[in-house]
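The structure appears below as structure tokens.
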Amino acid sequence: MTVLNNKDSGEKPVSLGRRRWRRFRRNRRGFYSFLAFALFFLVSLFAEGISNDVPLLIIYEGESYFPLLTEYPETTFGGDFETETDYLDPYILERLTTNGNRIYFSFNRHSYQSINFDIDGPVPSPPTRENILGTDDRGRDVFARLLYGFRLSVLFGFALTGVGTIVGIIAGAVQGFFGGRTDLFCQRFIEIWGAMPELYLLIIFASIFKPSVLLLLVLLSLFSWMGLSDYVRAEFLKGRNMEYVKAAKALGVSNVTIMYRHLLPNGMTPVITFLPFRMSASILALTSLDFLGLGVPPSTPSLGELLAQGKANIDAWWLSLSTFLVLVGTLVLLIFIGEALRETFDPRKS
């Protein structure tokens with residue numbers, strides 16, 4: 001019996017990237033988790049068009065207005081003040097919905113910071129037709145804060161993962177490629193730096209500087225690169241003595257070119273497989289700090305801040321339950337994606 005390979009059968013050889021993509025798609029749990037996470041994140045990017053107290057379109061006296069793009073004073077629609085229009089004001093709503101005028105709101109008529117003053121009863125208020133997931137202890141819509149908070153958490157996770165990955169790759173590559181004293185000094189520095197009390201530093205800086213997402217990103221980035229650098233260092237230590245690396249050095253190829261062109265592609269497997277897990281850790285870190293009051297400013301929509309409100313208001317089950325489902329669902333999807341990537345890049349599996 002004759003076995004035909006791709007060359008004998010006339011078929012084009014399948015690239016490594018395409019084979020890995022096929023292997024990833026065969027892992028249905030990881031692939032569908034990736035599609036679900038991508039869909040939720042894509043929807044959250046259009047949060048202003050899904051949940052907002054500002055209408056999407058107004059047709060007033062034959063002219064079209066787009067309040068999401070431009071701020072209009074109240075006098076534009078027959079009001080008395082030059083300030084920005086409150087589109088939920090009964091007088092303005094009446095002018096915009098009569099005499100052939102039309103107003104088109106988004107799916108949810110609340111933004112993450114708008115307060116519902118028409119609530120009959122104390123806050124937090126339970127889910128109603130007006131607030132489908134209830135309100136928090138300040139009368140703000142929970143659905144809107146979850147939507148905006150999910151987007152902020154994912155974007156923060158992407159940023160922290162990206163910064164930590166880049167710094168970790170550079171640090172690990174330098175240690176593994178040069179070795180010797182460079183590796184020794186870098187390892188001692190990492191040991192000392194890793195022993196720094198990260199939580200205490202966050203508490204100190206939070207008391208000195210005004211809380212912000214950028215400050216939190218900078219502080220967490222100072223420590224997020226160390227875990228990844230060890231894996232990259234190991235890959236570069238293993239590859240620096242390969243024959244093709246020695247041949248490149250003999251031909252006069254620069255160290256930077258060797259590291260970037262030859263060693264880095266072979267060392268990207270642990271980097272890629274750990275990305276979803278690092279992403280979930282970044283989201284969990286932001287949520288934990290917000291829960292402790294050390295994260296973003298109070299007015300910023302945050303999953304951790306909603307969990308803290310749920311802890312302070314035990315009877316308001318809708319606060320804890322909805323936030324718990326969003327947070328756990330996000331982390332579970334990322335873990336499934338990470339497991340699928342780990343199996344995809346496993347060289348022992350064909």
Side-chain angles (χ1 to χ4, degrees), residues 33 36-54 68 106-116 123-128 130-162 202 206 210-217 219-220 276 278-313 316-335:
S33 297
F37 179 79
L39 177 62
F40 293 149
F41 177 60
L42 183 64
V43 170
S44 69
L45 292 179
F46 300 93
E48 286 79 7
I50 298 174
S51 181
N52 210 325
D53 55 350
V54 176
L68 275 180
S106 55
F107 168 75
N108 188 40
R109 294 190 180 187
H110 299 281
S111 179
Y112 68 90
Q113 57 186 356
S114 60
I115 299 175
N116 188 358
V123 292
S125 61
T128 59
E130 180 69 18
N131 302 104
I132 57 177
L133 292 180
T135 63
D136 63 1
D137 57 2
R138 300 182 184 179
R140 297 172 299 191
D141 187 71
V142 174
F143 174 80
R145 293 190 68 81
L146 280 177
L147 180 62
Y148 286 85
F150 171 78
R151 182 178 66 178
L152 176 64
S153 299
V154 175
L155 290 176
F156 181 86
F158 277 131
L160 183 59
T161 302
L202 289 171
K210 182 179 179 181
S212 65
V213 178
L214 181 60
L215 176 63
L216 200 61
L217 177 62
L219 293 177
L220 292 178
R278 294 178 63 83
M279 179 81 176
S280 62
S282 301
I283 294 176
L284 191 59
L286 176 64
T287 304
S288 303
L289 292 174
D290 288 337
F291 179 80
L292 297 174
L294 301 174
V296 296
S299 60
T300 307
S302 167
L303 301 180
E305 189 256 350
L306 283 174
L307 287 177
Q309 289 193 31
K311 176 179 176 295
N313 302 274
W317 54 267
W318 54 90
L319 290 174
S320 301
L321 180 60
S322 58
T323 310
F324 174 80
L325 292 177
V326 171
L327 179 61
V328 173
T330 303
L331 298 180
V332 168
L333 291 178
L334 289 172
I335 290 174

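In this chain, numbering begins with 1 at the start of the sequence shown.
- For the atom pair CG (Asn52) and OH (Tyr112), the distance works out to 9.5 Å, reported to the nearest 0.5 Å.
- Inter-residue side-chain proximity for Leu160 and Leu216 is flagged as unmet; no heavy-atom pair is nearer than 4.5 Å.
- Side chain of Ser212 to backbone of Leu215: a donor-acceptor contact under 3.5 angstrom is found.
- Between atom CG of residue Leu202 and atom CG of residue Leu219 there is a gap of 5.5 Å, rounded to the nearest 0.5 Å.
- Residues Gly295 and Asp290 approach most closely at CA-OD1, 3.0 Å, considering heavy atoms.
- The distance from the CG atom of Leu307 to the CG atom of Leu327 is 6.5 Å, given to the nearest 0.5 Å.
- Here the closest non-hydrogen pair linking Gly49 and Ser106 is O-CB, 3.2 Å.
- The nearest pair of heavy atoms linking Ser51 to Leu147 is CB-CD2, 4.1 Å.
- Phe156 is listed as a side-chain neighbour of Leu220, based on a closest heavy-atom distance under 4.5 Å.
- Of all non-hydrogen atoms in Pro124 and Leu319, the two that sit nearest each other are CG-CD1, 4.0 Å.
- Between the side chain of Thr161 and the backbone N or O of Gly157, at least one donor-acceptor pair lies under 3.5 Å.
- Residues Leu306 and Val326 are not in side-chain contact: their nearest non-hydrogen atoms beyond the backbone lie 4.5 Å or more apart.
- Taking both residues in full, the closest heavy atoms of Ile283 and Ser153 are given as CG1-O, 3.6 Å, listed atom of the first, atom of the second, then distance.
- A distance of 8.5 Å separates OG in Ser320 from CG in Asn313, rounded to the nearest 0.5 Å.
- Counting heavy atoms from C-beta outward, Phe41 and Leu155 have side chains that approach closer than 4.5 Å.
- Residues that satisfy the side-chain contact (heavy atoms from CB on, under 4.5 Å) test with Ala38, not counting sequence neighbours, are absent from this structure.
- Among residues at least two apart or in separate chains, salt bridge (Lys or Arg N to Asp or Glu O under 4.0 Å) pairs with a member in residues 148-161 are Glu48-Arg151.
- Crowding of Phe40 atom CZ: a count of heavy atoms from other residues, nucleotides or ligands under 6.0 Å not exceeding 12.
- At distances below 3.5 Å, at least one donor-acceptor pair connects side-chain atoms of Trp318 with backbone N or O atoms of Ser125.
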*asked:* I'd like to know whether Leu146 forms a side-chain contact (heavy atoms from CB on, under 4.5 Å) with Ser322, so could you lay out the CA-CA distance, the side-chain angles of the two residues, the decisive distance to 0.1 Å, and finally the verdict.
replied: CA-CA 8 Å; Leu146 280 177; Ser322 58; 3.6 Å; yes
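- The side-chain hydrogen bond (donor to acceptor under 3.5 Å, both in side chains) with Asn131 is formed by just one residue from the set Asp136, Asn108, Asp141; it is Asp141.
- Across Leu284 and Leu331, no two heavy atoms sit closer than the pair CD1-CD1, 4.1 Å.
- Summarising the geometry, atom OG belonging to Ser280 is positioned 11.0 Å from atom CG belonging to Leu333; distances are rounded to the nearest 0.5 Å.
- Ring-plane geometry between Phe37 and Phe150 is classed as perpendicular, the angle between the planes exceeding 60 degrees on a 0 to 90 degree scale with a lower cut at 30.
- Applying the salt bridge (Lys or Arg N to Asp or Glu O under 4.0 Å) test to every pair with at least one member in residues 296-313, sequence neighbours left out, gives these pairs: Arg140-Glu305, Arg145-Glu305.
- For Gln113 (side chain) and Ser299 (main-chain N/O), no donor-acceptor pair under 3.5 Å exists by modelled atom type.
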One pair to check against side-chain contact (heavy atoms from CB on, under 4.5 Å): Leu286 and Val296. What are the steps and the verdict? CA-CA 8 Å; Leu286 176 64; Val296 296; 4.2 Å; yes
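- In this structure, Glu130 CD and His110 NE2 are separated by 3.5 Å, a value rounded to the nearest 0.5 Å.
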